[in-house]
Amino acid sequence: MPEMPKSTDAQTAIRYDDTLAEAIEIKWQTYWQEHNTNKVPNPGEPGFDPSKPKFYALDMFPYPSGSGLHVGHPEGYTATDIISRYKKMKGFNVLHPMGWDAFGLPAEQYAIKTGVHPEVTTKQSISNFRRQLIRFGFCYDWSREFGTIDTDYYKWTQWIFLQIYNAWFDPDQNRARPIDELIAEFEAGSRKVKLNPNAVEYVGAGDLPDGTDAGAWSTLDRETRKAIVDSYRLAYLAEQTVNWCPKLGTALANEEVIDGRSERGSYPVFRKPLRQWMFRITAFADRLLEGLNDLDWPSSTKTQQSEWIGRSVGAEIDFPILAPSGNPMGEALRVFTTRPDTIFGATYMVVAPEHPLVDLAEDFAPPELDIKRLRNYVEWARNRTDIERQENKEKSGVFLGLHVNNPATGKPIPVYTADYVLMGYGTGAIMAVPGQDQRDWDFAKAQDLPIVRTVQPPEDFEGEAYTGQGPAINSHFLDGLDIKQAKATMIEWLRAHKFGAPKVNYKLRDWLFSRQRYWGEPFPIVFDDWGNHHPVSEDTLPVTLPPLADYAPEESSDPQPLLAKAKDWVQTTAGEAGVEGFDPDKPMRRETNTMPGWAGSCWYYLRYIDPKNEDRFISKEAEQYWLGENAVDLYIGGAEHAVLHLLYARFWHMCLHDLGHLTSPEPFRKLFHQGLITSFAYQRGDKTLVPVDMVEERSEGHYVEIETGAPVSQITAKMSKSLKNVVNPDDVIADYGADTFRLYEMYMGPLEASKPWNTRDIIGLHRLLQKIWRLCITEQGDFITTDTPDETTEKQLHRLIHKAGEDIERLSFNTAIAAIFEFVNLAKKLTEDQADRFIRVLAPFTPHLAEELWEKLGRAPSVTTQPWPDFDESKLTDDEIEIPIQVMGKLRSTIMLPKDSDNKAMEEAALNDDKIVKFLEGKTVRKVIVVPGRLVNIVAN
RNA sequence: GCCGGAGUGGCGGAAUUGGUAGACGCGGCGGAUUCAAAAUCCGCUGUCCGAAAGGGCUUGGGGGUUCGAGUCCCCCCUCCGGCACCA
């Protein structure tokens, strides 16, 4: 880092350098804090102006890690800061808050190693993060700050859990409703009393609930009623095969498992049955999918969410199971297919190794079946980890010894089990159509099973399974129909013959919400002696997290949640927990699982609106003003949350909306992802990487490894300790100041693009601030203005005001800053009035420097409360403009013309231009194209 | 494998609707200033041919549409991101 000259050097000249920048920045940060400049009142509070429209600009709040801010954090934060300051100047009441996503594994893992309570390390990290964010000059309303670990915050997280627990999804109204309304309908007899037919926790348990009428409510005992009601709750407890991560000591949601490994830490994940809290998010699959249409979100994020939800339309079809005698047994094997039109080509069936039919098959096995081989296969397949499945997709499987009847052909076909069929999707069974499905083709080849094509491939088709369009063949009454017609016809036939019905399936699974960790929100749930769960009453919230003596998980194949160690805390009574219908002294046990980190981040954007409210999660009045129809107007954060946080938060929001707590149907109106900040790295010829301090630049663009002198190539890579290319924001601020840092990150390139950090480039932005300083301030430190306005400067200022405003609106900060450069390069001296407007343009970008100049100009602080300057449309263009003249699309000359010249004048001027006359010698002009105000193109040969 | 996004000087990038490609910044070269240096200011800086005037080429590669293509269409290559036995 080159040493910057200090303003305290021999000369007393006051120049903009790191020392002055720091002095100015600390001065104004202190001023803002002391004068509550960034505090935004709520409706009804003093100073609130209800006539102004609102703008809610939200950052993804950080997880406060021990290592402090990364340079990636201030990228998005600076963007929202500029927008927030600009919108405020444009007359909006701007809500721009910040807080802490503070529950989570790293603090707990640190606690296991060191014995320091996670709360201690987390609060230290929060202090450090807060210090850093304040040092950047971000205009957060710090009076709204909170952390997800605060008891008066997670009290309401628990309250929301109870709201969802006490709700059910009504498919007729396509919305969540209070569970009391369901019970009332049962009591009144207006709704059939039966288990929830969509309760996935009962599917596959061999007890398909649909249609099973339980009889009148009044005739049912307490246990049956509870079982029925619980099957509808949007939060439910179920024994499920979950993603168990032994290394993290907890179960994980599907969304947290990537390629069979944990999203955090990348540890192997195994499948294990556990009794866990689940959210019935699948009930909202269609709402979550359709809601995306109206949102101003990046299309890639919408695509990711909709692919995660994975809606597919098809049919469920029953294949009657045949007894060894060949006669139907009365039971059917139900499959889901998106291609009912291909059923005539279904030459065999496959069920997942976990499918109940596998156990049944052993009972009915014909003597010739090798039971041992079947058992071995099922055992092997069931224990295969997801990682192993990823690595080896060879088609293997065994015959179950059973046959079913293909209802379309009327012929028996064999049933296999194979691990390429997943128990977790559809019914865990498929009809295999090798002619139209490559996986089935591969399996059929491996097992020597017949293949029948039911769609005519084109003549030149050389592949195996054919999945394209074409007329149906070998399919009796479907022959000749295209796929769409054939599907519709087949579904009608199946329906008429009671073999099947249309069905929509989703890849989305219910959301596993229990974690066996310590550092998370406790559930507001207790259990009685019989293991029934009961919600604690609202007035006993929060259920506070007890201290623990040690945090190490106990090694066990039957994992116990860590909170079970807090024995005194676990033991409570019905009276203490507020559970009705029991003797107050009746002992109850608290739920010892905790909520995942997502719980706190699911609704933090709501709490900012009314963070100190002790009576409600947020007040109705604040909700209606700050959220209204659009909720968050702009949400900026990383793309890594495309299907985790952003899906979960939408789900909670929809529940709260349906239950009447929120007006807006969706939480985040506009979403924007800032790009990753990468770093340069150097690569040898063999593609190995060299740490940056081992490389030097010999000449422009040519780099060598210092030790060997071997050339290396510059590439971009993620910042990492091993490459020694991690940048600490504190260091950059110390060297240049926060205003320079802010400008640099915004000038690097488009906000959404991934782009490399290049320390060498920062100086350019620092020089810009020095130029601005010199433009306005003398070496004695006084503001210098001129009384004679320069017309070119005036015009350029109008263009700057116009372009900067427009570019901020479309989040194109790099071009807005380029416009500031152009203005400063052109302006020699400003009048007081020009300086006034120019400083206001600077204010969102470099708030500290703008405040200082504003004060030196003799204006009363703060410039942040000033309106954005106006511009004059007529000053945006010159009277005379340069018009390019092309011949055959190639530039041959340019001419100056009055800006409103008509086509004829332009054509004439072009054809009379000396260069053009010369160029056209010996050629015939065929046509002249004139674009008014843009160019002239002459077609000639 | 499938689905997105991208590829522009030595580097980061600009070109908002098909209309002067390379704005702006970094770096580089030259000059002014200085005892000297830093800082600052001025000029030049895609590439090839040419002494110059001027001209050719140029937005990953190839083809096309158009008076005109970085931008639209088709094929291919490379990189990044996501999904991945979902029937």
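Convention: sequence-line order gives letters A, B, ...; per-chain numbering from 1. As the structure is a prediction and not an experimental result, all values here were calculated from the model.
- Residue-level contact check: Val421(A) touches the bases, meaning some heavy atom is under 4.0 Å from a base atom.
- When heavy atoms are screened at a 4.0 angstrom cut-off, Ser312(A) is found touching the sugar-phosphate backbone but no base atom.
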All N/O contacts under 3.5 Å from nucleotides 40-45 of chain B to the protein, with atom names and distances to one decimal?
unit_1	atom_1	unit_2	atom_2	d
rU40(B)	O3'	Arg774(A)	NH2	3.0
rC41(B)	OP1	Arg774(A)	NH2	3.0

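- His766(A) and Tyr744(A) have their aromatic ring centers separated by at least 6.0 angstrom.
- For Arg760(A) and rG12(B), the CZ to C1' distance is 10 Å, given to the nearest whole Å.
- Phosphate proximity of rC80(B) to Lys718(A): absent, as no side-chain N or O sits under 4.0 Å from OP1 or OP2.
- Phe838(A) is linked by a ring pair (Phe, Tyr, Trp, His ring centres under 6.0 Å) to Phe823(A), counting only residues two or more places apart in sequence or in another chain.
- Side-chain nitrogen and oxygen atoms of Tyr747(A) include none within less than 4.0 Å of the OP1 or OP2 phosphate oxygen of rG25(B).
- Annotation for Lys718(A): atom NZ does not count as buried by contact number, only 12 or fewer foreign heavy atoms lying within 6.0 Å.
- When heavy atoms are screened at a 4.0 angstrom cut-off, Lys507(A) is found touching base atoms of the nucleic acid.
- The P atoms of rC49(B) and rA36(B) are separated by 38 Å, rounded to the nearest whole Å.
- Asn825(A) pairs by the side-chain hydrogen bond (donor to acceptor under 3.5 Å, both in side chains) definition with Lys771(A), not counting sequence neighbours.
- Cation-pi check for Lys395(A) over Tyr420(A) is met; the charged atom lies under 6.0 angstrom from the ring centroid and within 45 degrees of its normal.
- Taking 4.0 Å as the cut-off between side-chain N and carboxylate O, Glu779(A) and Arg15(A) count as a salt-bridged pair.
- The residue Arg892(A) sits close only to the backbone: its heavy atoms come under 4.0 Å of sugar-phosphate atoms, none of a base.
- Note on ring orientation: taking the six-membered ring where Trp is involved, the planes of Trp380(A) and Tyr377(A) are tilted (angle from 30° to 60°).
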Dot-bracket summary - RNA chain B, pairs being Watson-Crick or G-U whose distances fall under 3.5 Å, with | when paired to another strand
(((((((..(((......[....)))((((((.......))))))((((....))))..(((((..]....))))))))))))....
Could you go over nucleotides 15-17 of chain B and give all protein N or O partners under 3.5 Å, atom names and distances?
unit_1	atom_1	unit_2	atom_2	d
rU16(B)	O4	Lys803(A)	NZ	3.1

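- One finds a salt bridge joining Lys755(A) and Glu75(A) here, because a Lys/Arg side-chain nitrogen approaches an Asp/Glu carboxylate oxygen to under 4.0 Å.
- Rounding to whole angstrom units, CG of residue Leu676(A) and C1' of rG81(B) are separated by 11 Å.
- Comment: Lys487(A) does not engage Asp341(A) in a salt bridge, judged by the lack of any side-chain N to carboxylate O separation of less than 4.0 angstrom.
- Distances shorter than 4.0 Å separate some side-chain N or O of Asn814(A) from OP1 or OP2 on rA14(B).
- With sequence neighbours left out, Lys795(A) forms a salt bridge (Lys or Arg N to Asp or Glu O under 4.0 Å) with Asp878(A).
- In this structure, rG9(B) is classed as syn because its glycosidic torsion stays within 90° of zero.
- No engagement by Tyr506(A) is indicated, since no non-hydrogen atom pair under 4.0 Å with the nucleic acid exists.
- Rounded to an integer number of Å, the gap from Asp761(A) CG to rG25(B) P is 12 Å.
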